[in-house]
Amino acid sequence: MIRFESVSKTYPRSKRPALHRVNLDVERGEFVFLVGASGSGKSTLLRLVLREDVATRGSVHVAGRDVARLSSWKVPHLRRQMGVVFQDFRLLPGKNVFDNVAFALQVIGKSRHHIAQVVPETLELVGLAGKERRLPHELSGGEQQRVAIARAFVNRPAILLADEPTGNLDPETSAGIMKLLERINRTSTTILMATHDTGTVDALRKRVVQLEGGVVVRDEAAGGYATGALRAVDEADRSPVDGPGGPGGGRGADTGWAGARPGATEVWR
Amino acid sequence: MRVRFLASEILGGLRRNTAMTVSVVLVTFVSLVFVGAGALLQLQVNQMKDYWYDRVQVSVFLCTADSEAPTCTSGEVTPSQRDAVLAELRSPTLQPYVESVQFESKADAYARFQQQFAGTAIAESATEDQLNESFRVKLTDPTKYDVVTQFFAGTPGVEQVQDQRRVLDPFFTVLNVATAVAGGFALVMIVAAALLIATTIRLSAFSRRRETGIMRLVGASKLLIQLPFLLEGVLAAVVGAALAVGALYAAVRFGVQGWLVEALPLFGYVGTHQVWLVAPVLVAVAVLLAGTASVTTLSRYLRV
Ligand SMILES: Nc1ncnc2c1ncn2[C@@H]1O[C@H](COP(=O)(O)OP(=O)(O)O)[C@@H](O)[C@H]1O
Ligand SMILES: [Mg+2]
């Protein structure tokens with residue numbers, strides 16, 4: 001579904017590459033965590049999948065197509081096969097829940113009839129039935145993220161990209177969001193989620209790809225966040241590590257701050 | 001669905017920065033008034049040229065009873081003098097310069113005079129006797145009028161040889177200068193309008209970057225993302241153009257036809273139908289101006 005072949009990305013006016021010779025193969029229906037410290041290149045990798053940017057070297061294939069070769073007027077069609085969710089939700093403050101979700105369909109020209117049918121279904125799926133008329137500021141952070149997920153999923157994309165979707169949420173709320181993402185994953189939607197939320201990664205035991213300074217240092221099926229697992233993988237010698245793995249002990253844990261607000265209730269914004 | 005979406009986006013955008021929209025309307029209005037005024041002045045020049053140049057280039061005026069020129073001492077031109085002048089015009093010397101000759105009798109002159117100044121005080125006070133008989137000479141090359149002028153200098157019975165273009169030249173000069181001035185102002189104002197439209201669209205794109213960002217991510221087409229901004233600029237400019245057409249119409253209707261025609265009845269003036277000739281040009285200029293300014297701005301400041 002998503003294939004990176006020796007992909008490097010160096011931003012203009014920057015010496016150090018944000019990604020360096022990344023190889024990655026994600027099958028249809030897989031759930032992959034992308035972990036690593038801040039600045040390790042997680043967002044950059046997602047941006048390349050979305051073709052918000054193009055790789056400096058190597059090639060990125062999405063749904064069998066080389067995204068760099070796609071002419072610019074075909075890029076929107078590529079993006080219609082993907083949904084994206086961000087840490088900061090990115091809802092339109094003036095539109096209510098229903099309209100925020102409907103917006104994604106309106107702008108790709110779906111009929112009103114289709115919208116009237118699909119939007120309530122999706123809101124029901126994400127657990128927001130009955131809150132259609134609320135404005136974003138009348139919702140908790142977790143609920144806002146559910147709206148964002150509904151908007152990303154309403155067109156039933158084959159791929160869902162999530163860039164630290166639980167980064168602004170407390171652990172309890174995060175767990176709810178993760179349940180929702182798992183449910184979406186079970187509809188054979190491929191999910192690629194960047195995070196440095198230790199608890200979440202450890203709880204789900206999904207495939208984990210770890211980046212460090214733009215290099216993939218670990219690619220482990222059913223892994224945890226802790227880098228202790230890295231050593232275990234190295235010993236088992238079944239990791240397609242590309243580039244210097246290095247011990248790098250505890251580096252991921254340093255930035256895994258998501259559990260730092262124990263007991264915090266949902267933040268009302 | 002998308003039409004409704006576009007309409008609501010455009011209206012929303014215009015409402016959101018009303019002050020900027022109003023200033024775009026006003027600046028395009030003023031700049032297009034200058035463009036339109038320049039165009040109408042040139043139409044006026046052309047109308048006068050058509051009227052005068054086509055009819056005649058050189059008039060050989062024959063003496064009337066009260067002509068005071070030295071060649072008219074014998075009073076009104078005699079038939080033999082008149083025939084002599086015509087013979088000269090058809091002589092081998094002048095023939096290469098002369099395309100055609102037409103005789104205008106006093107009655108012809110009077111009729112034309114009445115038509116030209118219909119409804120004015122001059123027309124009412126003029127009598128047939130005051131007007132000259134003349135030969136209206138069309139030249140093969142209008143710039144060679146000097147040949148005819150000099151040829152008839154001192155010929156008995158010829159009061160004056162007049163190159164009509166020379167009489168009109170001061171008017172044309174005034175009108176051409178006025179056109180140049182209007183054109184200069186128009187140019188400056190159009191530059192201002194283009195920059196203002198660019199700035200407005202840039203601000204508009206900035207204030208809606210969240211929306212356009214989401215549109216991009218969910219796969220809205222480039223066109224749909226850009227079109228609201230483009231149409232916003234074009235719509236404001238077209239409103240400005242409509243105001244300019246209205247202002248020019250009022251100026252011609254009440255200023256020229258309602259006042260100048262009476263106050264300065266020297267020749268025919270442009271009328272409101274010429275305003276309708278200029279109107280589509282102004283709208284086209286507005287669309288082109290706003291379109292170009294928008295597209296260049298959007299390509300720089302709006303990611304799609
Ligand atoms: N638009 C950009 N221009 C220049 N450098 C950037 C840009 N975006 C990210 N970077 C750099 O690329 C590296 C990776 O960033 P990013 O992919 O955002 O990491 P992460 O999401 O893992 O925190 C960082 O060093 C960052 O400074
Ligand atoms: Mg990031």
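In what follows, chains are A, B, ... by sequence order, proteins preceding strands, each numbered from 1.
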So, for B/Val218 and A/Arg80, which heavy atoms are closest and what is the spacing to 0.1 Å?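 Shortest heavy-atom separation between B/Val218 and A/Arg80 comes out as O-CG, 3.6 Å.
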
Locate the shortest heavy-atom distance separating B/Arg210 from A/Leu91; write the atom from each residue and the value.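 Smallest interatomic distance, heavy atoms only, reads NH1-O, 2.7 Å.
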
So with a 6.0 Å cut-off around [atom1] of [X], is the heavy-atom count from everything else above 12?
{"X": "A/Glu124", "atom1": "CD", "result": "no"}
{"X": "A/Arg207", "atom1": "CZ", "result": "yes"}
{"X": "A/Arg28", "atom1": "CZ", "result": "no"}

Between atom CZ of A/Phe103 and atom CD of B/Glu211, what is the distance when rounded to the nearest 0.5 Å?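 Here the interatomic distance stands at 5.0 Å.
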
What distance do B/Glu9 atom CD and A/Gln106 atom CD have between them, rounded to the nearest 0.5 Å?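 Rounded to the nearest 0.5 Å, the CD-CD separation comes to 9.0 Å.
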
Would you indicate whether the side-chain heavy atoms of A/Met82 and B/Leu217 approach each other to under 4.5 Å?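 Result no, sub-4.5 Å side-chain heavy-atom pair not found.
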
Spell out the residues in residues 219-246 of chain B that have some non-hydrogen atom less than 4.5 Å away from a non-hydrogen atom of chain A, in order of number; otherwise answer 'none'.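 Near chain A, by residue number: B/Gly219, B/Ala220, B/Ser221, B/Lys222, B/Leu224.
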
Please evaluate residues A/Arg112 and B/Arg4 with respect to the criterion side chain to side chain contact (heavy atoms under 4.5 Å, CB included), reporting the C-alpha separation (whole Å), side-chain torsions for both, the decisive distance (0.1 Å), and the verdict. CA-CA 11 Å; A/Arg112 270 205 284 171; B/Arg4 281 160 52 101; 3.9 Å; yes

Against chain B, label A/Glu52 side chain, backbone, both or neither, depending on which of its atoms sit under 4.5 Å from a heavy atom there.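 Looking at A/Glu52, backbone and side chain both touch chain B.
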
What part of A/Ile108 gets closer than 4.5 Å to chain B, counting heavy atoms only: side chain, backbone, both or neither?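 Answer is both: backbone and side chain atoms of A/Ile108 are under 4.5 Å from chain B.
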
Counting heavy-atom pairs closer than 4.5 Å to chain B, which one of A/Leu50, A/Val107, A/Val75 comes out on top?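 Most heavy-atom pairs within the cutoff with chain B belong to A/Val107.
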
Can you pull the ring-ring contact (aromatic ring centres under 6.0 Å, His included) pairs that have at least one residue in residues 191-216 of chain B, sequence neighbours excluded?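 As it turns out, there is no ring-ring contact (aromatic ring centres under 6.0 Å, His included) pair with a partner in residues 191-216 of chain B once direct neighbours are skipped.
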
